[in-house]
Amino acid sequence: MLDLEIKPDKKSLSDLGIHTAKNIFWNLSPAELIEHALANKEGVLTDTGALMADTGTFTGRSPKDRFIVKDSKTEDSVWWGDINIPFDEAKFDRLYIKMTDFLKGKNLYVREAFAGADTKYRLNLKVINTLAWHNLFCYNMFLRPHEEDLEDFETDFTIICAPEFQADPEVDGTRQSNFAIINLSKRILLIGGTAYAGEMKKGIFSVLNYLLPFEHGVLSMHCSANVGKEGDTAVFFGLSGTGKTTLSADPNRSLIGDDEHGWNEDSIFNFEGGCYAKVIDLSKEKEPEIWDAIKFGAIVENTRFIPGTRTVDYANKEVTENTRTSYPIHHINNALVPSKAGIPKNIFFLTADAFGVIPPISKLNKSQAMYHFISGYTAKVAGTEVGVTEPKTTFSACFGAAFLPLNPIEYARLFGEKMEKHQVNVWLINTGWTGGPYGIGHRMKLKYTRAMIGAALDGKLDHVNYRTHSVFGVSIPENCPNVPDEVLSPRATWTDKEAYDKKARELGAAFIHNFEKFKDFATEDILAGAPKW
Ligand code: ATP
Ligand code: MN
């Protein structure tokens, strides 16, 4: 019989106060981690070779349980509030000891990795997991060092993630048993009580969103990015579910990354080494790149099989609508490695407007670009009851406020400087509803959104006529290759035109109301980009 027993590593974690782990498995390969995950009964295999795992009680991030340690370093730099919730320094130290204590006698999976494809701004990570599949997630999502990088690897930031560890809110100072706490001074991200793997990736994103602008003047962005054959870079900003991952996977362009990027003096670069795509209702026909990426090494989270098979039923919402896959970026055929490219030529703001008001594609002037960047609008469908559900407006500054430790104005200022310096086309794309709001209309066809973005990228919208939107003032192309003209005008797709005008004014008013909180920063130039009627 083959004896392929994996030997635990002799290297120690005692510098972190972790002394008596059962075994420490250091930088295991995907195959080894998958063997462990199966043996530990953390997951099962699908018929395409992917590992299927559940994240437990939490099937998404828990923003109310994301804290930042408040100390002399962060006190005056972090933008404290509902998003960046302060955590007591001494309580962190106590919780850290409690957690490292908890790891005694456990098998630990350790991984050394990078965040940031630009070596100048790269963060060296050490991840300590209790779950093998989490460690595989980190292999997929962070950048993978070469053998020689590991010889003298010095850790800049440590993640300790132990989902089995439950905090006691009374004693530990958390809100409930789960938590993700960032300590920027000690350079530790502590996660417990939740097995949602995205907490690790978005935790490090938040760290970079602090370090890059604050310490290096580099703009960090919640966006996807790809580059065309001519070297023309495109970035896609957008809140969750607006299409960053879906639209950046394009057979005609090289993928830079699907979620987190930095913009320095002369380039943009991915922070990550993989993608984390939604798979609800995934089909090979509509999203072939993502479909084909779900092979050996990929993970599918919170999905279910077609009964009696090992085939994933992507339509199944039994566990959650937020079913996901993570895979290393090289699972996408035309991924760019290293994930770096030039200054963007086109920027797309993606919104999934469930009111059906925002045009499917429009061009923004500089004022409108700043205004919409700061606003960060999308509209979510509030509930799942059929028929009457009203969509809910969501404004999240810079299309990612949940991950921004600094005042959003800091990012907007950097964005504005870059806009001033470089000639960039900025487009607003509604990947949401058309023909009426949610309940009456339907979601914009993916093939039309792709055609509109393709036309913008190919310069095919440079010489068409534009009309001005009556409320938002943005410029709407009158024609676009492979898209019926009437689809381009949201008003034309509504049966009740008066209802459209009313809804457009209401949405405009919501923008203005939201923008009041930025009034100290808003110059006349930026306010010129506001809706008016
Ligand atoms: P997150 O930040 O959570 O990763 P995301 O911006 O990457 O979110 P996607 O994963 O790309 O969002 O999700 C967009 C979803 O919407 C996909 O499931 C996609 O199939 C679906 N979709 C439907 N119609 C469209 C459209 N017209 N454009 C883009 N996506 C669409
Ligand atoms: Mn995504």
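Keep in mind that what you see is a predicted model, and the values were worked out from it rather than measured. Here, residue 1 is the first one in the sequence, and each next residue gets the next number. Counting starts at 1 for both ligands and their atoms, in listed order.
Considering both main-chain and side-chain atoms, Gly243 comes within under 3.5 Å of ligand 1 through a nitrogen or oxygen pair. Residue Ala277 places no N or O, backbone or side chain, under 3.5 Å from any N or O of ligand 1. At under 3.5 Å, not a single nitrogen or oxygen of Asp258, backbone or side chain, sits near a nitrogen or oxygen of ligand 1.
Among protein heavy atoms, the minimum distance from atom 8 (O) of ligand 1 is reached at Gly241 N, 2.9 Å. The single protein non-hydrogen atom nearest to atom 26 (C) of ligand 1 is Leu446 CD1, 3.7 Å, given as residue, atom name and distance. Ranking the protein heavy atoms by distance from atom 3 (O) of ligand 1 puts Ser240 OG, 2.5 Å first.
In the vicinity of Arg324, heavy-atom distances shorter than 4.0 Å reach the ligand 1 atoms 1 (P), 3 (O), 4 (O). Per-residue contacts place Thr246 under 4.0 angstrom from the following atoms of ligand 1 (heavy atoms of the residue considered): 9 (P), 11 (O), 13 (O), 14 (C), 17 (C), 19 (C). Close contacts between ligand 1 and Thr242 involve ligand atoms 6 (O), 12 (O) [criterion: under 4.0 Å to a heavy atom]. Taking every non-hydrogen atom of Asp259 and a distance limit under 4.0 Å, the qualifying atoms of ligand 1 come out as 2 (O). Those atoms of ligand 1 that come under 4.0 Å of a heavy atom in Leu239, given as number and element, are 6 (O). For ligand 1, the atoms lying closer than 4.0 Å to a non-hydrogen atom of Glu287 are 19 (C), 20 (O).
In this structure, Phe205 and Phe271 have tilted ring planes: the angle between them lies in the 30° to 60° band.
The closest approach between any non-hydrogen atom of Gly238 and ligand 1 is not below 4.0 Å.
Using a 4.0 Å cut-off between a side-chain N of Lys or Arg and a carboxylate O of Asp or Glu, Lys201 and Glu260 qualify as a salt bridge. At a threshold of 4.0 Å, the pair Lys286-Asp281 does not count as salt-bridged, since none of the basic side-chain nitrogens sits closer than that to a carboxylate oxygen. The pair Asp82-Lys64 does not meet the salt-bridge criterion, since no charged nitrogen lies less than 4.0 angstrom from a carboxylate oxygen.
In the model, Asn316 has no side-chain atom that pairs as donor or acceptor with a side-chain atom of Arg304 under 3.5 Å. In the model, Thr246 has a side-chain atom that pairs as donor or acceptor with a side-chain atom of Glu287 under 3.5 Å.
Evaluated by nearest non-hydrogen atom to atom 5 (P) of ligand 1, the leading choice among Lys278, Lys244, Arg443 is Lys244.
The only member of Phe348, Phe511, Trp427 that meets ring pair (Phe, Tyr, Trp, His ring centres under 6.0 Å) when paired with His372 is Phe511.
Both the sub-6.0 Å distance and the 45° axial angle are not jointly satisfied by Arg491 relative to the ring of Tyr500. Taking the ring axis of Tyr139 as reference, the NZ or CZ atom of Arg144 stays within 45° of it and closer than 6.0 Å to the ring centre.
Listed here is the closest heavy atom pair of Glu289 and Pro251: OE2-CD, 3.1 Å.
Taking backbone and side chain together, Thr245 holds an N, O or S atom under 2.8 Å from the Mn ion (ligand 2).
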